[in-house]
Amino acid sequence: VQLQASGGGLVQAGEALRLSCAASGINLRAETAQWYRQAPGKERELVATMTTIGSTNYADFVKGRFTISRDNAQNMSCLQMNSLKAEDTAVYYCSVLAKGRYWGQGTQVTVSS
């Protein structure tokens with residue numbers, strides 16, 4: 001199983017970014033996909049979850065701004081991040097729960113205020 005995250009970058013507050021996580025060796029439609037983030041000096045925290053049936057759940061600090069989705073044709077999980085804030089600055093990781101947990105390598109998101 002490999003998860004390849006991409007899409008991070010440097011943006012200004014209020015702008016948007018779209019993160020993608022390409023999966024190989026696993027079918028994302030059959031597993032729960034999640035996005036986590038870890039800011040410097042802080043613990044890794046759960047941002048968003050999408051289950052196999054497409055139900056979603058978000059951390060309070062991103063509700064209404066972030067949207068998790070799944071591209072079945074590309075076998076990818078995506079995280080659309082709108083109205084970014086400086087406090088969203090972190091390394092973002094995609095993760096899949098499938099008889100164990102798999103992690104992508106992380107992609108840096110930096111939001112300047």
Side-chain angles (χ1 to χ4, degrees):
V1 176
Q2 287 190 333
L3 302 174
Q4 182 72 37
S6 62
L10 171 63
V11 296
Q12 293 187 337
E15 294 184 341
L17 276 175
R18 183 177 179 84
L19 305 183
S20 297
C21 178
S24 59
I26 198 167
N27 184 351
L28 289 183
R29 285 184 292 180
E31 314 295 350
T32 293
Q34 297 177 312
W35 285 89
Y36 284 76
R37 71 185 188 186
Q38 187 167 20
K42 295 188 177 181
E43 293 187 353
R44 192 171 297 188
E45 57 186 1
L46 177 62
V47 175
T49 299
M50 174 171 272
T51 68
T52 55
I53 61 172
S55 62
T56 59
N57 193 44
Y58 299 92
D60 287 343
F61 50 78
V62 303
K63 278 183 181 176
R65 300 189 298 124
F66 290 13
T67 302
I68 187 172
S69 62
R70 185 173 62 218
D71 185 329
N72 293 330
Q74 298 293 325
N75 201 29
M76 295 177 66
S77 175
C78 300
L79 186 68
Q80 178 67 41
M81 306 185 296
N82 297 331
S83 303
L84 283 162
K85 305 175 182 179
E87 50 264 43
D88 293 321
T89 295
V91 177
Y92 284 72
Y93 298 89
C94 58
S95 181
V96 173
L97 281 172
K99 298 180 182 177
R101 181 178 287 280
Y102 298 93
W103 293 95
Q105 86 285 8
T107 183
Q108 176 70 47
V109 172
T110 303
V111 184
S112 62
S113 57

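Heavy atoms only: backbone and side chains are in, while hydrogens, waters and symmetry mates are out.
- Scanning for side-chain contact (heavy atoms from CB on, under 4.5 Å) contacts around Gln74 gives Asp71, Met76, with sequence neighbours left out.
- Side chain to side chain, Arg65 and Ser83 fail the donor-acceptor criterion of an N or O pair below 3.5 Å.
- In terms of the side-chain hydrogen bond (donor to acceptor under 3.5 Å, both in side chains) criterion, residue partners of Thr49 (sequence neighbours excluded) are, by chain and number, Gln34.
- Between the side chain of Tyr93 and the main chain of Ala5, no donor-acceptor pair closer than 3.5 Å is present.
- Nearest heavy atom pair, residue Ala16 against residue Asn82, reads CB-OD1, 3.4 Å.
- The side-chain hydrogen bond (donor to acceptor under 3.5 Å, both in side chains) test applied to Thr89 returns no partner, not counting sequence neighbours.
- More than 12 heavy-atom neighbours from other residues, nucleotides or ligands sit within 6.0 angstrom of CD on Gln108.
- Asn75 places none of its side-chain heavy atoms less than 4.5 Å from the side chain of Ser24.
- By the rule that hydrophobic residues join a cluster once side-chain heavy atoms approach within less than 4.5 Å of another member, Tyr36 and Tyr92 end up as members of separate clusters.
- Taking Gln4 as the reference, nothing meets the side-chain hydrogen bond (donor to acceptor under 3.5 Å, both in side chains) condition, with sequence neighbours excluded.
- Atom CZ in Phe66 sits 14.0 Å away from atom OG1 in Thr56 (nearest 0.5 Å).
- Remark: Ser113 OG to Leu84 CG distance equals 12.5 Å, nearest 0.5 Å.
- In terms of hydrophobic clustering, with Ile, Leu, Val, Met, Phe, Trp and Tyr side chains grouped at heavy-atom distances under 4.5 Å, Val91 and Trp103 are assigned to a common cluster.
- For the atom pair CG of Leu10 and CD of Glu15, the computed distance is 8.5 Å after rounding to the nearest 0.5 Å.
- When hydrophobic side chains of Ile, Leu, Val, Met, Phe, Trp and Tyr are connected at separations under 4.5 Å, Ile26 ends up clustered with Val1, Leu3, Leu28, Val96, Tyr102.
- In this structure, Asp88 does not pair ionically with Lys85, as no charged nitrogen and carboxylate oxygen lie closer than 4.0 Å.
- Between the CE atom of Met50 and the OH atom of Tyr58 there is a distance of 6.5 Å, given to the nearest 0.5 Å.
- No cation-pi contact links Arg37 to Trp35, judged by a cut-off of 6.0 Å to the six-membered ring centre and 45° from its axis.
- The structure places CD1 of Ile68 at 12.5 Å from CD of Gln80, a figure rounded to the nearest 0.5 Å.
- Annotation: side chain of Glu87 is not in contact with side chain of Phe61 (no heavy-atom distance under 4.5 Å).
- For the atom pair OG1 of Thr52 and CZ of Arg29, the computed distance is 11.5 Å after rounding to the nearest 0.5 Å.
- Within the structure, disulfide bond (SG atoms under 2.5 Å apart) contacts touching residues 60-113 (residues at least two apart or in different chains) are Cys21-Cys94.
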